[in-house]
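Take a look at the structure set out below.
These numbers come from a predicted model, not from an experiment. Below, read A as the first sequence line, B as the second, and so on, with proteins coming before strands; counting in each chain starts at 1.
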Amino acid sequence: MLGAKLVHFSPAGLTAGLIVETEAYLSRGDPACHAARGKTKRNAMMFGPPGRAYVYFIYGNHYCFNVVTGREGHGEAVLVRALEPLEGMALMQKRRGSDKKIKDLANGPGKLCQAMGINGKHNGISLKQYPLFITAGVSVKAADIDVSGRIGISRGQDKQLRFFVRGNAYLSR
DNA sequence: CGGGAGATGGGCT
DNA sequence: GCCCATCTCCCGA
C-alpha cells in the first residue's frame, strides 16, 4: 500500500494523497488488533471481505481509516497513518484549519481522516470505486521502506508492524 | 523544540 | 465505569 494513492470525491470536492505510513493489525496472535477478542458490532467490518474500509471513532474526537486486508472471516486490517497531500490542499486546509502547513494536514491517522473528509459513514464501503478508492500512485522500492513498532497502542508493542517510506516529509513522526 | 495533560464520546465489561 | 490504533494546547527550556 505504501506509495498508493487514496482518492476521495466528497460533496465538498476532491482530495487525494499518497500513502506514506501504515500499520498492520493481524488476525491471529495480535492483542492490539480490534478483532483479537472476536467479532463485535464495532469491528464487524474487519471480518468482511478485503478491499473495504474499516473506519472507527476514537478518543471522542477522531476517526481512524483502515483497509481490510484479510480473507473474509479473518479480522485483519491495515491502518493508514499518514498521507502526502497531492490534490485538494485548499479543501484539506479548510477542513483542518487554514493556518495548517501542508505537512501538518494529514501526518497522523486522525488528521488524515479530517483532511480527506472520511468519517463513520464510510465504514464498510468498497475502496475499489467512487467516491472513495485506492489507485496507483508512485512506486516505492522495498529498500526505501522502514519498519518500527506501532504507535499509540498499549498491547502488542513488541511487534514490528509499522511500515513507512524512509525520510518522507509527511510521516506522523 | 519537547513533554504532559485535557478534551471528548462510543464500545465493551 | 474504564479504556482507547489521537490531537492540540500550554508550559518550560
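Heavy-atom nearest nucleotides on DNA chain C were determined for A/Lys111 and for A/Ser154, and the one closer to the 5' end corresponds to A/Ser154.
Checked by atom type and distance alone, the side chain of A/Asp30 never pairs as donor or acceptor with a backbone atom of A/Ser27 at under 3.5 Å. Distance alone, capped at 3.5 Å, is enough to place a donor-acceptor pair between the A/Arg150 side chain and the A/Ala24 backbone. Distance alone, capped at 3.5 Å, places no donor-acceptor pair between the A/Arg81 side chain and the A/Gly110 backbone.
Under the 6.0 Å distance and 45° angle rule, A/Arg42 does not count as a cation-pi partner of A/Tyr54.
A/His8 pairs by the ring pair (Phe, Tyr, Trp, His ring centres under 6.0 Å) definition with A/His122, not counting sequence neighbours. For A/Val165, the side chain to side chain contact (heavy atoms under 4.5 Å, CB included) partners are A/Leu2, A/Val20, A/Val140, A/Asn168, not counting sequence neighbours. Contacts of A/Arg162 classified as salt bridge (charged side-chain N to carboxylate O under 4.0 Å, His left out), with partners at least two apart in sequence or in another chain: A/Glu21. For A/Arg95, the side chain to side chain contact (heavy atoms under 4.5 Å, CB included) partners are A/Ser10, A/Ala12, A/Thr15, A/Leu91, not counting sequence neighbours. Under the side chain to side chain contact (heavy atoms under 4.5 Å, CB included) criterion, A/Asn61 pairs with no residue, sequence neighbours left out.
Looking at residues 156-173 of chain A, you'll see that no heavy atom sits under 4.0 Å from any atom of DNA chain C. If you check residues 17-32 of chain A against DNA chain C, the residues with a heavy atom closer than 4.0 Å are A/Tyr25, A/Ala32, listed by number. Taking every heavy atom of residues 70-97 of chain A and every atom of DNA chain C, pairs under 4.0 Å involve A/Leu79, A/Arg81, A/Arg96, by number. Of the residues in residues 112-126 of chain A, none lies under 4.0 Å from DNA chain C by heavy-atom distance.
Considering CD1 of A/Ile58 and OH of A/Tyr63, their distance stands at 12.0 Å, rounded to 0.5 Å. How far CG of A/Leu83 is from CE of A/Met116: 6.0 Å, rounded to the nearest 0.5 Å. Note that CD of A/Glu72 is 11.5 Å distant from CZ of A/Phe47, once rounded to the nearest 0.5 Å.
Within a 6.0 Å radius of CZ in A/Arg37, no more than 12 heavy atoms belonging to other residues, nucleotides or ligands are found.
Along DNA chain C, the stretch of nucleotides lying under 4.0 Å from any heavy atom of chain A spans, 5' to 3', C/dC4 to C/dT8.
A side-chain N or O of A/Asn107 and one of A/Lys111 form a donor-acceptor pair less than 3.5 Å apart.
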Pair A/Leu105-A/Met92, side chain to side chain contact (heavy atoms under 4.5 Å, CB included): steps then yes or no:
CA-CA 7 Å; A/Leu105 288 176; A/Met92 291 187 186; 3.9 Å; yes
Tell me, with the steps shown, if A/Lys5 and A/Glu87 meet salt bridge (charged side-chain N to carboxylate O under 4.0 Å, His left out).
CA-CA 10 Å; A/Lys5 184 175 173 180; A/Glu87 298 176 51; 3.0 Å; yes
Pair A/Tyr130-A/Val7, side chain to side chain contact (heavy atoms under 4.5 Å, CB included): steps then yes or no
CA-CA 9 Å; A/Tyr130 177 94; A/Val7 182; over 6 Å; no
Run A/Val67 and A/Met1 through side chain to side chain contact (heavy atoms under 4.5 Å, CB included) and show every step you take.
CA-CA 10 Å; A/Val67 179; A/Met1 282 170 53; 3.7 Å; yes
Evaluate the criterion side chain to side chain contact (heavy atoms under 4.5 Å, CB included) for residue pair A/Asn119 and A/Cys113; output intermediate values, then yes/no.
CA-CA 7 Å; A/Asn119 55 54; A/Cys113 284; over 6 Å; no
Could you run down nucleotides 8-13 of chain B 5' to 3' and tag each one B, S or - for protein heavy-atom contact under 4.0 Å?
BBSSS-
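No side-chain heavy atom of A/Tyr170 sits less than 4.5 Å from a side-chain heavy atom of A/Leu18.
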Annotated structure of DNA chain B as dot-bracket, pair cut-off 3.5 Å, Watson-Crick or G-U only, | for inter-strand, is |||||||.||||.
